[in-house]
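What follows is a single structure, written as structure tokens, with notes after it.
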Amino acid sequence: DQQVKQNSPSLSVQEGRISILNCDYTNSMFDYFLWYKKYPAEGPTFLISISSIKDKNEDGRFTVFLNKSAKHLSLHIVPSQPGDSAVYFCAASAYSGAGSYQLTFGKGTKLSVIP
Amino acid sequence: EPEVTQTPSHQVTQMGQEVILRCVPISNHLYFYWYRQILGQKVEFLVSFYNNEISEKSEIFDDQFSVERPDGSNFTLKIRSTKLEDSAMYFCASSEQGTSNSPLHFGNGTRLTVT
């Protein structure tokens, strides 16, 4: 049951260029989308999020775009830096009404930024 | 910056043994979670905890699993009788609120190896 899909397991980008990481989802009840970054031997670190009522959110070099009709979101990193090399997880949430919510993660995309 | 801490970083145990994984969430956070990632697979939700009780749990979180907040700072995950398939990276997380726009902060994980 892959409600959140990241179809590219890996991506290589030259330093200074744009990195575009893609994510698709199937559950129309998701109301928030998040990107997490993960380095080896560390836990996922929150990067940026977007509400389902918006189509773009920008934070410095990171921009997330949401296309609700296509059930697609993407993370743009520009300019890419070698320190951005990590695994990027797309995650989505739907409030359960039980006092908390759970995240559904994609499998991740390993980004390598080449100096 | 406050962080979620998990101990131990690596736990090796024999099948059938009980293990307790420990977490210290961020001090002003009220919502606590356990997720796990089997090698090569997705990060999966196990359980959420609020106000000293389980808010939500996944199908993975069967009777072998339990969580506890024994002393107001620690948050533990107990696996009563470990199985080989319990081998995974277990991540603890906390959030300030239980809403979709309150990002989860993850610890660095405990790698559980069941032999």
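Predicted model, so just to flag it, every value in this text is computed and none were measured. Here is the naming used below: chain letters follow the sequence lines, and residue numbers restart at 1 for every chain.
In this structure, T45(A) OG1 and E3(B) CD are separated by 10.0 Å, a value rounded to the nearest 0.5 Å. Atoms CD and CD, on Q102(A) and E44(B) in that order, are 11.0 Å from each other to the nearest 0.5 Å. Rounded to the nearest 0.5 Å, atoms OG (S102(B)) and CZ (F46(A)) are 9.5 Å apart. The line from CD of Q41(B) to NZ of K107(A) is 7.0 Å long, rounded to the nearest 0.5 Å.
Ring centroids of Y35(B) and F105(A) are separated by less than 6.0 Å, placing the two rings close together.
Residues E42(A) and F91(B) come closest through the heavy atom pair O-CE2, 4.0 Å. Pairing each heavy atom of P44(A) with each of F106(B), the nearest pair is O-CB, 3.3 Å. When all heavy atoms of K42(B) and V4(A) are compared, the pair lying nearest together is NZ-O, 3.2 Å.
Within a 6.0 Å sphere centred on CG of L84(B), other residues, nucleotides and ligands contribute more than 12 heavy atoms. Summarising the local packing, CZ of R80(B) is surrounded by more than 12 heavy atoms from other residues, nucleotides or ligands at distances under 6.0 Å. Atom CG of D63(B) has 12 or fewer neighbouring heavy atoms from other residues, nucleotides or ligands inside a 6.0 Å radius. Counting heavy atoms of neighbouring residues, nucleotides and ligands inside a 6.0 Å radius, atom NZ of K83(B) exceeds 12 of them. Within a 6.0 Å radius of CD in Q14(B), other residues, nucleotides and ligands contribute 12 heavy atoms or fewer. No more than 12 heavy atoms of other residues, nucleotides or ligands sit less than 6.0 Å from atom CZ of R111(B).
Contacts between Y39(A) and chain B at a heavy-atom distance below 4.5 Å are absent for every atom of the residue. Heavy-atom distances place both the backbone and the side chain of L104(B) under 4.5 Å from chain A. With a 4.5 Å cut-off on non-hydrogen atoms, Q6(B) does not touch chain A at all. At a 4.5 Å heavy-atom cutoff, the contact between Y36(A) and chain B is made by side-chain atoms alone.
Criterion: ILVMFWY side-chain heavy atoms under 4.5 Å apart, direct or through other members. Under it, I38(B) and Y90(B) are not part of a common hydrophobic cluster. A single hydrophobic cluster is not seen to contain both V4(B) and Y50(B); linkage of ILVMFWY side chains at heavy-atom distances under 4.5 Å, directly or through other members, places them apart. Grouping the Ile, Leu, Val, Met, Phe, Trp and Tyr side chains by contacts below 4.5 angstrom, directly or via other members, places L30(B) apart from V24(B).
Comparing V43(B), N51(B), V47(B) by heavy-atom pairs within less than 4.5 Å of chain A, the highest count is held by V43(B). Note on A91(A), S51(A), A92(A), G106(A): by heavy-atom pairs under 4.5 Å with chain B, the leading option is G106(A).
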